[in-house]
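Some notes on the structure that comes next.
When a ligand or atom number is given, it counts from 1 through the structure's own listing order.
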Amino acid sequence: MERRDPPRWTSAWPAGLLAASILSSSFLLTQAQQPTTVYNISVFMDPPEALEGQKINLTLTHAPAEFFLCNWYRGTEVKENLIVTIYLPPLTGNTFGSAYTNREIPGFGCSLLITNLHPNDSGNYTVTKDGAGVHGRGLANIQVLEKLSNPDLWSSAFLVAENGTVTLSCNTSSSTRVTVTWSKDGRPVPAKARLSDQNRTLTLLKFAPEDAGNYTCMASNPVSSATSNPRTITMAYGPTAAKLNQSGTIVQPLGSTLVLLCTADSVPPAEFEWFFNTTAKNGTEDTLSVRLETWEDEGSYMCQARNSFTHHNASASLYVKLTGSGSGLPGLSAGTIAGIVIGSVSGAVLCVGVMYFLFTKASCWVKKTYNIQH
Ligand SMILES: *[C@@H]1O[C@H](CO)[C@@H](O)[C@H](O)[C@H]1NC(C)=O
Ligand SMILES: *[C@@H]1O[C@H](CO)[C@@H](O)[C@H](O)[C@H]1NC(C)=O
Ligand SMILES: *[C@@H]1O[C@H](CO)[C@@H](O)[C@H](O)[C@H]1NC(C)=O
Ligand SMILES: *[C@@H]1O[C@H](CO)[C@@H](O)[C@H](O)[C@H]1NC(C)=O
Ligand SMILES: *[C@@H]1O[C@H](CO)[C@@H](O)[C@H](O)[C@H]1NC(C)=O
């Protein structure tokens, strides 16, 4: 705020000097001779509500006595709080004090007009009137209603565990004239929400799924209202269960690739770990891809989903049974070998059978001949 060195004496200063001498002499006189009569002065505010950036006029009720001057103070009646001294007819003029801010205009009958009101102008103002053997005193309390800017909404967390606690704070003017209200997704907040600190703090205990959403606070006073930024509060949960895209026992040929996808309902998203029998497999992705190279790869494959926020786990597994592919000797199964043996035997039997029916001398084996007719 601009604060100019107040002009101590106006052009009317000789009048002020006169008034001062009259006063001091009359004070000495009255103090020595008779008690001072004290009047209560009422101060009227126009308009009744002081608004930021606007002006307010403070006028006084008439007191039935002769006064020489009056003083306006910002706060209590001490010298450093003096805004202005106004001399009354037949004297004229005024002198400004150290609490003058260049926005106060003295007027007729000791009135004071304060312009371009600032929230800092809020507080008590004291006016005194002095005459011979008379002293008047009045008080005014001004509460400047500010044009509210948008409150800042904070929360202790964005992500809250089920049954956890979250606190939201609406940072706005601390004036008691400012009312704070809350909403969630544009509707009233859950009934269990606890408000404190003049409604500026909202606490949710035992956080439940229905408490998750978009919160805002609104600050208002008789002249303005402003809404905060939204704050989204999400509930962390799960994983409720883990699921593989295949289940039970599956049969895969040796040499093929096993590809499994693991899913889990979880907020925040689950992290995955894979196990074969009881040993951990490389990788933390939701997909496992393993080439089933040897018979040793037959066994149980398990996915474990883990929520790093709730520290809950869930798992799912399946059993992979291997079948032979027939290519290459290493790893040939007993069944495959049996199949090859049966194949050769049936070939020989077929050859002999054909020769028998054709009654030919042809041979199945080049070096041997069979005479069927004895
Ligand atoms: C939350 O509290 C309710 C009731 O006390 C209980 O049934 C539920 O299991 C709790 N949830 C968690 C995740 O602790
Ligand atoms: C509220 O906002 C004011 C101004 O932005 C800031 O100075 C103050 O630290 C804030 N208070 C809290 C509790 O965040
Ligand atoms: C399982 O998911 C993986 C990865 O998406 C996919 O490659 C595979 O074919 C799926 N298996 C089945 C039986 O759907
Ligand atoms: C995963 O495999 C890569 C390459 O094969 C290896 O460098 C890494 O150490 C392995 N990580 C784990 C956790 O086994
Ligand atoms: C994996 O477990 C299965 C079934 O328990 C077992 O037959 C197989 O030998 C195990 N494999 C390894 C490499 O431990």
For Ser175 and Arg177, test the side chains for any donor-to-acceptor distance below 3.5 angstrom and give the result as yes or no. no

Does the side chain of Asn307 pick up a donor-acceptor pair with the side chain of His312 at under 3.5 Å? no

Mind checking who shares a hydrophobic cluster with Phe108, ILVMFWY linked at side-chain heavy-atom distances under 4.5 Å? none

One finds that the ligand 3 atoms under 4.0 Å from a non-hydrogen atom of Gln246 are 13 (C)

Please produce the table of protein N or O atoms sitting under 3.5 Å from N or O atoms belonging to ligand 1, one pair a line, distance to 0.1 Å.
| residue | atom | partner | partner atom | Å |
| --- | --- | --- | --- | --- |
| ligand 1 | 2 (O) | Asn163 | OD1 | 3.1 |
| ligand 1 | 2 (O) | Asn163 | ND2 | 2.4 |
| ligand 1 | 11 (N) | Asn163 | ND2 | 2.9 |
| ligand 1 | 14 (O) | Asn163 | ND2 | 3.3 |

Can you see whether Arg231 engages Ser155 through a side-chain donor-acceptor pair at a distance of less than 3.5 angstrom? yes

Taking Arg103 as the fixed residue, which of Thr115, Asn116, Asp121 is the one that meets the side-chain hydrogen bond (donor to acceptor under 3.5 Å, both in side chains) rule? Asp121

Take atom CD in Glu66; do more than 12 heavy atoms of anything else shown fall under 6.0 Å from it? no

Any atoms of ligand 5 less than 4.0 Å from a non-hydrogen atom of Tyr319? List them with their elements. 3 (C), 4 (C), 7 (O)

Let me check something: do Val166 and Leu202 share a hydrophobic cluster, defined by ILVMFWY side-chain heavy atoms less than 4.5 Å apart, either directly or through other members? yes

Per-atom contacts of ligand 5 with Glu296, taking only distances under 4.0 Å to non-hydrogen atoms: 13 (C)

Parallel, tilted or perpendicular: which describes the rings of Tyr39 and Phe67, with under 30° parallel and over 60° perpendicular? perpendicular

Heteroatom proximity flag, Ser300 to ligand 5, N/O under 3.5 Å: no

